[in-house]
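Computation of the quantities below employed the complete heavy-atom set of this structure, encompassing side-chain atoms and omitting hydrogens, waters and symmetry-equivalent molecules. Below, chain A is the first sequence line, B the second, and so on; all start at residue 1.
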Amino acid sequence: MNVQFKKGVLELCVLVLLDKQDRYGYELVQKISEQIDVSEGSAYPLLRRLTKEGYFTTYLKESTEGPPRKYYKLADSGRTYLHELLQEWKEFSNGVNQLIKEGVKDD
Amino acid sequence: MTKKQFISKLNASLKRLPYEERQDIIQDIEEYFVIGSEEGKSEEQVATSLGSPEQIAKELVAAYRVEKVEETTSTGNIIRAVWAVIGLGFFNLVIVLGPFVALAGVIIAGWLMGISFVASPIFVLLNVAIHPQIFEIFDLFFSIGLAGIGLFIAIGMFFATRAIKNGFVRYLKYTIGIVKGGLKHA
């Protein structure tokens, strides 16, 4: 799949993963790379950028296993942004699915 | 690559960022290695899955440059941001440098026109000083008229420059987000 395409989707994935619960960076990246073939290192600049844009806040939380971890929390503006992106995604994927249904021969 | 090698490469490629910013990034990446090893991954494995430290650094530097432009839109900052974004990949050369050169051309041309209109009475007077025999009063009035138009152009250009700058910064941010920002070449 091409780079631009994945890039836009990755932003949506990160926002979706943070909607229900706060997560640390490693967890976020693992969750995404389980489903989508992305370079783990490239998700980090995205996290950092979205944090600077004010969509996330971060805090440190003690871990039972080692040093404290940086957790990402979805801010209100991030939640608004998530819903905008979700809406766009739904319209887009519905459109594509519809075209595939009409266009691809079944036999 | 070991954790130490990865971090030192990353650090070297981030040398243009301020110290605190760099420390913050390195801390995050170290955390990543620590959690990876808690999950039973070797340093080699974590480094491989992270990809190239230079590529990560490029993206971080580009994002930082664009952020700087938002704080203070000086010409120097814009040029540095354009340069950093272009560094992200060949595709950006076309979609960033093209509009940049075109917009810069429009701004420079507009200002030159405004300034030369405003200065036109001076040219007329210079001309009179050099060739007093071909002085025509019409030239003087015409040039004063031009100077008036030039002032309006200059005022217009002042606002146009600001609007174009802001628009272009938005475009740069969009470019970082959409074009390359985060995924390996597929």
On the 0 to 90° scale, with breaks at 30° and 60°, tag the A:Tyr59-A:Tyr71 ring pair as parallel, tilted or perpendicular.
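Parallel.
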According to the interplanar angle, ranging from 0 to 90°, do the rings of A:Trp89 and A:Phe92 count as parallel (below 30°), tilted (30 to 60°) or perpendicular (above 60°)?
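Tilted, since the angle between the ring planes falls between 30° and 60°.
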Of the non-hydrogen atoms in B:Ile78 and B:Lys165, which two are nearest, and what is the gap between them?
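Result for this residue pair: CD1-CG, 3.7 Å.
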Can you check whether anything in residues 50-58 of chain A gets within less than 4.5 Å of chain B, heavy-atom wise, and list it by number?
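Contacts with chain B: A:Lys52, A:Glu53.
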Within the supplied structure, the quantity of interest is the number of heavy atoms (other residues, nucleotides, ligands) at a distance under 6.0 Å from [X] [atom1]; does it exceed 12?
X: B:Trp111; atom1: CH2; result: yes
X: B:Arg170; atom1: CZ; result: no
X: A:Asp76; atom1: CG; result: no

With the side chain counted from C-beta on, respond yes when B:Phe100 and B:Leu172 share a heavy-atom pair under 4.5 Å apart, and no when they do not.
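No; the side chains remain at least 4.5 Å from each other.
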Under 3.5 Å, is there a donor on one side chain and an acceptor on the other for A:Tyr81 and A:Glu11?
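Yes - a donor-acceptor pair under 3.5 Å links their side chains.
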Side-chain donor-acceptor contact under 3.5 Å, B:Glu31 with B:Gln27
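Absent: no donor and acceptor within the cut-off.
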Does any heavy atom of chain B fall under 4.5 Å from the side chain of A:Tyr26, the backbone, both, or neither of them?
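For A:Tyr26, backbone and side chain are both near chain B.
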Please state whether the side chain, the backbone, both or neither of A:Arg48 comes within less than 4.5 Å of a heavy atom of chain B.
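Side chain of A:Arg48 only, per the 4.5 Å heavy-atom cut-off to chain B.
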Do B:Leu97 and B:Phe168 sit in one hydrophobic cluster, given that two such residues count as connected whenever their side-chain heavy atoms are within less than 4.5 Å of each other, even indirectly?
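B:Leu97 and B:Phe168: one cluster.
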Checking an interface table here. Which of residues 1-26 of chain B come within a heavy-atom distance under 4.5 Å of chain A?
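At a heavy-atom separation under 4.5 Å, chain A is reached by B:Glu21, B:Asp24, B:Ile25.
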